[in-house]
Amino acid sequence: MRLFFIVWALAISLVASWAFAPAAPPPQMQILEVNCGKAFDSNEYIMVEGRSKQRQDAFRALQLPWGDRCAGEGRKEFIGGLGHYYYHRQNQTERYPETYGQLGADYIAKQWSTTDDRRIDRLTQDAYARGYLKPADFEAVAGKMVATVVKNERVTGKACAG
């Protein structure tokens with residue numbers, strides 16, 4: 001009877017230790033190991049279409065009449081269109097290298113270096129120099145990219161000042 005009691009106590013203690021022991025942490029996976037050798041995921045075609053739409057939004061904002069860019073709905077459209085474009089550009093510029101390493105960094109830098117992107121940057125720099133926008137007009141992610149784009153520009157106008 002003693003032997004039965006000892007075996008029973010051991011079995012209960014093993015079950016209890018398994019039931020109440022903390023779960024083992026999941027194995028750590030390096031993101032770069034998962035995506036090794038790839039610069040983007042299989043859904044990249046959606047991102048390519050998105051970048052095209054974001055460029056259209058930026059051009060639409062940059063085509064607004066100069067007089068509409070300082071107040072009201074025109075101001076909202078101007079900052080909103082550029083903000084949408086620069087938000088996605090900054091976000092992807094940060095995320096692709098994190099996810100895909102150097103291949104992703106090189107790939108996304110090329111994706112955001114088209115003739116249209118350079119034109120949007122130049123028009124943004126011009127609007128900044130004339131006083132129609134400043135990086136602080138945008139939310140943090142977009143503002144970070146806008147600040148990079150306009151960093152070497154000098155404000156010479158006061159279009160939207162007070």
- Please step through salt bridge (Lys or Arg N to Asp or Glu O under 4.0 Å) for the pair E44 and R51, ending with a clear verdict. CA-CA 11 Å; E44 182 62 18; R51 285 189 282 276; 2.4 Å; yes
4.5 Å side-chain heavy-atom contact, [X] and [Y]:
{"X": "F78", "Y": "D68", "value": "no"}
{"X": "V146", "Y": "L82", "value": "no"}
{"X": "Y128", "Y": "P135", "value": "yes"}

Nearest 0.5 angstrom please: [X] [atom1] to [Y] [atom2], how far?
{"X": "Q90", "Y": "R95", "atom1": "CD", "atom2": "CZ", "answer": "8.5 Å"}
{"X": "T124", "Y": "E153", "atom1": "OG1", "atom2": "CD", "answer": "10.0 Å"}
{"X": "Q92", "Y": "E94", "atom1": "CD", "atom2": "CD", "answer": "11.0 Å"}
{"X": "L123", "Y": "Q63", "atom1": "CG", "atom2": "CD", "answer": "9.0 Å"}
{"X": "T114", "Y": "R119", "atom1": "OG1", "atom2": "CZ", "answer": "11.0 Å"}

- Task: Say whether, by atom type as modelled, one donor and one acceptor occur between the side chain of R69 and the main chain of G74 under 3.5 angstrom.
- Result: no
- Sorted by chain and residue number, the ring pair (Phe, Tyr, Trp, His ring centres under 6.0 Å) partners of Y86 (sequence neighbours excluded) come out as none
For [X] against [Y], the heavy-atom pair lying closest together:
{"X": "D106", "Y": "Q102", "answer": "OD1-NE2, 2.7 Å"}
{"X": "G83", "Y": "A142", "answer": "O-CB, 3.5 Å"}
{"X": "A159", "Y": "C70", "answer": "O-SG, 3.5 Å"}

Given the rule that I, L, V, M, F, W and Y join up when any side-chain heavy atoms are under 4.5 Å apart, are [X] and [Y] in one cluster?
{"X": "M145", "Y": "V150", "value": "yes"}
{"X": "V141", "Y": "I108", "value": "no"}
{"X": "Y87", "Y": "V48", "value": "no"}
{"X": "Y132", "Y": "I79", "value": "yes"}

- Message: For a quick check under 3.5 Å, do D121 and Q125 share a side-chain donor-acceptor pair by atom type?
- Response: no
- Task: Using only heavy-atom distances, determine whether the side chains of Q111 and Y96 contain a donor-acceptor pair under 3.5 Å.
- Result: no
- Contact list for residues 72-133, test disulfide bond (SG atoms under 2.5 Å apart), sequence neighbours left out: none
- Query: Are the charged groups of D137 and K134 less than 4.0 angstrom apart, N to O?
  - Reply: yes
- What about Y85 and W112, are their ring centers closer than 6.0 Å? yes
- What pairs meet the salt bridge (Lys or Arg N to Asp or Glu O under 4.0 Å) rule with one or both residues in residues 55-65, with sequence neighbours excluded? K53-D57, R55-D117, D57-R60
